[in-house]
Each structure stands twice: as C-alpha cells, then as structure tokens.
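Proteins get letters first, then strands, A, B, ... in listed order; numbering begins at 1 in each. What you see below is based on every heavy atom in this structure, not just the backbone, and it leaves out hydrogens, waters and symmetry mates.
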2 protein chains.
Amino acid sequence: MKKTIISYALALAGSAWLLQYVQYTYNVRVLPTEAYVLIIALLFTALGIWAGRRLSGGAVTETFRRNQKALDYLGISNRELQVLELLGKGHSNQEIADRIFVSTNTVKTHLTHLYEKLEVNRRTQAVKKAHDLQLIP
Amino acid sequence: MKKTIISYALALAGSAWLLQYVQYTYNVRVLPTEAYVLIIALLFTALGIWAGRRLSGGAVTETFRRNQKALDYLGISNRELQVLELLGKGHSNQEIADRIFVSTNTVKTHLTHLYEKLEVNRRTQAVKKAHDLQLIP
DNA sequence: AGTGAAATCACCCCTTCGGGTGACGCATCG
DNA sequence: CGATGCGTCACCCGAAGGGGTGATTTCACT
C-alpha cells in the first residue's frame, strides 16, 4: 500500500522531469503539443489502471449486491431468503429457528422449499448455489 | 464496453482540446509546465482507474489464490485440504469417500480433524470459515 | 367471495453427521 | 530406536438433517 503510493509518486515525478528534460535540454519541440498530451495521457492512464488495481483490487472492499433477478426468477420468498442467509452463516436448524422465533419444523419446511427452488438436496449445496447466484454474500 | 471506450476517447480528446484552448486563446501560461503535467497526470490517472474498473472490474476474472500461510498456520495436511475442497463443493461424506477412494470412516476422521483445526463443529461452518480464509475458492 | 401463495406447525421415518475411542502401518525426525 | 504426525479404518451412539404428508391461518389478488 505505502509502497504503491511511493512508486506512483516516483513515476509521476520522473515523468514530469523527463518532459522538462527533453524540452529544455534540446530546446526543441520535436512533436506538437497534442502529441505530448497524448503521450502523457496514455502513460498515466496505464499507471492509473495499474494503481487502481493495486489499491482497490487487493482489498476486497466490494459491497455485496443481491441478485434480485435470480431471486424473483426462482420465486424465493422473504422468509425463505431470511432462512437462506442464516443457513449461509453456518447455523443449525435449531439456531435458525431460535433466531427467527419459529419452530424447527417451520425452518425445515422453508428449507425444503429452498432445496426445491435451488434444485439441490443438501444444505451445503444450497449454500454453494446461493453463493454462486449472489443471493447471499 | 464499446460505450466505455468511446467515453474514454471523448474524454481524452476533450482534455487535449481544453489544454490547447487555454494555451492559445489566452496566450498565457498562467502555470508552470510542471503544473500542467501534474494536472494531466492526475486527470488521466483518475480516468485510468475508472476505465480499468469498467473494462476489467465487471467480469470477475480474478483467479483463486490459496492462502498458504493460513494453511500452514492451521496445520492442515494435504489430504485434509482435499477433503475440505470437496466439502466446499457440497458433497456428502459418502460422495467424498467415493471420490478419493477411502471409506466414509476415513472421511469422517479427516473432517473431525478439520473441525478441530478450523475451530468449528459443523460442515457448513467449516466451509464458511475455509472460504473466508481463502482456503477454498 | 373464492383462489392461491406464504407462513406456520406437527408427526413419521430414515439417512447423514458429529463425537468419542481405539487401532494399525508408514514415514520422518531427532 | 522411539516419538510424532499422517493416513487409514472400525464401531457405537445420539443429534441433526432430509423427505413426505397434512393441517391451519393470514393476506393479497381477482
């Protein structure tokens, strides 16, 4: 992180210096201004892409966005989604039941429906599929 | 994609034009050359970051990199990792056993050890933790 | 007013999982 | 040589999960 910033600053300073050097040492403008602008622009675009990857690509700051379309398509209800979320956190049926104030039977019913809609037959598979479909983080 | 490229080209052309405009219309260089370089650099750095995100950020091409350090720290063996991977795919003990040609008892033993090392007591939690620790994709 | 989906709960039966214990062969390391 | 860790397998038991059926209430839509 710190290294990235320092490298970037050095690259920036170096480029500025290089431009000055070329312009003042040879005292000629071999290329029109547009060309310089283009070169600098391309150079720093590349640097920007690289810096962007280093700075934000590594740390996964990406916020979770639920795939509402898939949710609708599969016909998963609110309550079922709620159960699915707790499922994804690794809770047992009993824990889920306690957390949403229903009996384990109800949780089982919701899960059965979820398994049908997700076309799976185990909770682990349900979690995996829900995760792949971006239904849960 | 196409829109991104076009927008980018427009931004680039616009910036070049703006520079020309400022320089030739007022016929004065209110700022030293370094400042211009800096402005252009910063501008296109930002544009580069933005373009980078649009072009490659959307498609998650990010390849999975196993967290070897965590693996070593937790003392998870090769065989255990193999079981963990199949676990993460939502397989049952029987399926895992068939896939690696051992008995379900062996799978259970591996899992028991994994639960201890990952400090969990359910397969779903194990999958979640392994996923969080980047032990499995 | 009637239909249907969602949500709730119950009971049964069977499979799967998890925890505990014990055992054996094999390799590596001191 | 003995200790340690890994991989393998077995048996037991209780808890958890999964499949099936059936039932009630509530609420929205028609």
Dump the intermediate steps for side chain to side chain donor-acceptor pair (under 3.5 Å) on B/Asn78 and B/Gln82, then the final yes or no.
-> CA-CA 6 Å; B/Asn78 289 340; B/Gln82 198 177 359; over 6 Å; no
Between D/dG18 and A/Arg123, is there an OP1 or OP2 to side-chain N/O distance shorter than 4.0 Å?
-> yes
Going by an N to O cut-off under 4.0 Å, is there a salt bridge joining A/Lys89 and A/Glu95?
-> no
Winner on side-chain proximity to B/Ser77, out of D/dG7, D/dC6, D/dG18, is D/dG7
State, with a plain yes or no, whether a side-chain heavy atom of B/Arg123 is found less than 4.5 Å away from one of B/Tyr115.
-> yes
Can any side-chain N or O of A/Arg79 pair as donor or acceptor with the backbone N or O of A/His110 at less than 3.5 Å?
-> no
What's the verdict on side-chain contact (heavy atoms from CB on, under 4.5 Å) for B/Leu86 and B/Val107, showing C-alpha distance, side-chain angles and the deciding distance?
-> CA-CA 11 Å; B/Leu86 294 169; B/Val107 173; over 6 Å; no
Look only at the side chain of B/Asn67 and the backbone of B/Leu133, and say whether a donor-acceptor pair between them is shorter than 3.5 Å.
-> yes
B/Asn105 or B/Asn78: which one's nearest nucleotide on DNA chain D is closer to the 5' end?
-> B/Asn78
Are A/Arg66 and A/Glu85 within salt-bridge range, i.e. N to O under 4.0 Å?
-> yes
Given DNA chain D, 5'-ward residue of the pair A/Glu116 and A/Ser92, judged by closest heavy atom | A/Ser92
Whole-Å gap separating P (D/dC9) and CG (B/Leu111) | 14 Å
Among D/dG7, C/dC9, C/dC17, the nucleotide that comes nearest once only the side chain of B/Arg79 is considered = D/dG7
How many Å lie between NE2 on A/His113 and P on D/dG22, as a whole number?
-> 14 Å
Which angle, rounded to 10°, do you find between the first-five-pair axis and the last-five-pair axis of the helix from C/dA1-D/dT30 to C/dG30-D/dC1?
-> 50°
Should A/His110 be listed as having a side-chain N or O under 4.0 Å from OP1 or OP2 of C/dA6?
-> no
Side chain of B/Ser103 only, please: which of D/dA10, C/dG19, C/dT8 is the nearest?
-> D/dA10
OP1, OP2 of C/dC9 versus side-chain N and O of A/Thr106: anything below 4.0 Å?
-> yes
Are B/Tyr115 and C/dG18 close enough that a side-chain N or O sits under 4.0 Å from OP1 or OP2?
-> yes
What's the CD-P distance between B/Gln94 and C/dT15, to the nearest Å?
-> 13 Å
Side-chain heavy-atom pair A/Leu135, A/Leu74 within 4.5 angstrom cut-off = yes
Atom CD of A/Glu95 and atom C1' of D/dA15: how far apart are they, to the nearest Å?
-> 13 Å
For A/Leu114 and C/dA6, give me the distance from atom CG to atom P, rounded to whole Å.
-> 12 Å
When rounded to whole Å, the CD1 to C1' distance for the pair A/Ile96 and C/dA7 reads 16 Å
Listing time: all N or O pairs from protein to nucleotides 21-30 of chain C that are below 3.5 Å?
none

Atom CD of B/Glu80 and atom C1' of D/dG7 are separated, to the nearest Å, by 9 Å
Think A/Asn93 has a side-chain N or O under 4.0 angstrom from the OP1 or OP2 of D/dA16?
-> no
Roughly how many Å is it from CD in A/Glu119 to P in D/dG19, rounded to a whole number?
-> 14 Å
Do A/Lys108 side-chain and D/dG17 base share a donor-acceptor contact under 3.5 Å?
-> no
Walk me through it: do B/Val127 and A/Val127 pass the test side-chain contact (heavy atoms from CB on, under 4.5 Å)?
-> CA-CA 9 Å; B/Val127 170; A/Val127 170; 5.6 Å; no
Report yes or no: does A/Lys108 contribute a side-chain atom to a donor-acceptor pair with the main-chain N or O of A/Asn93 at less than 3.5 Å?
-> no
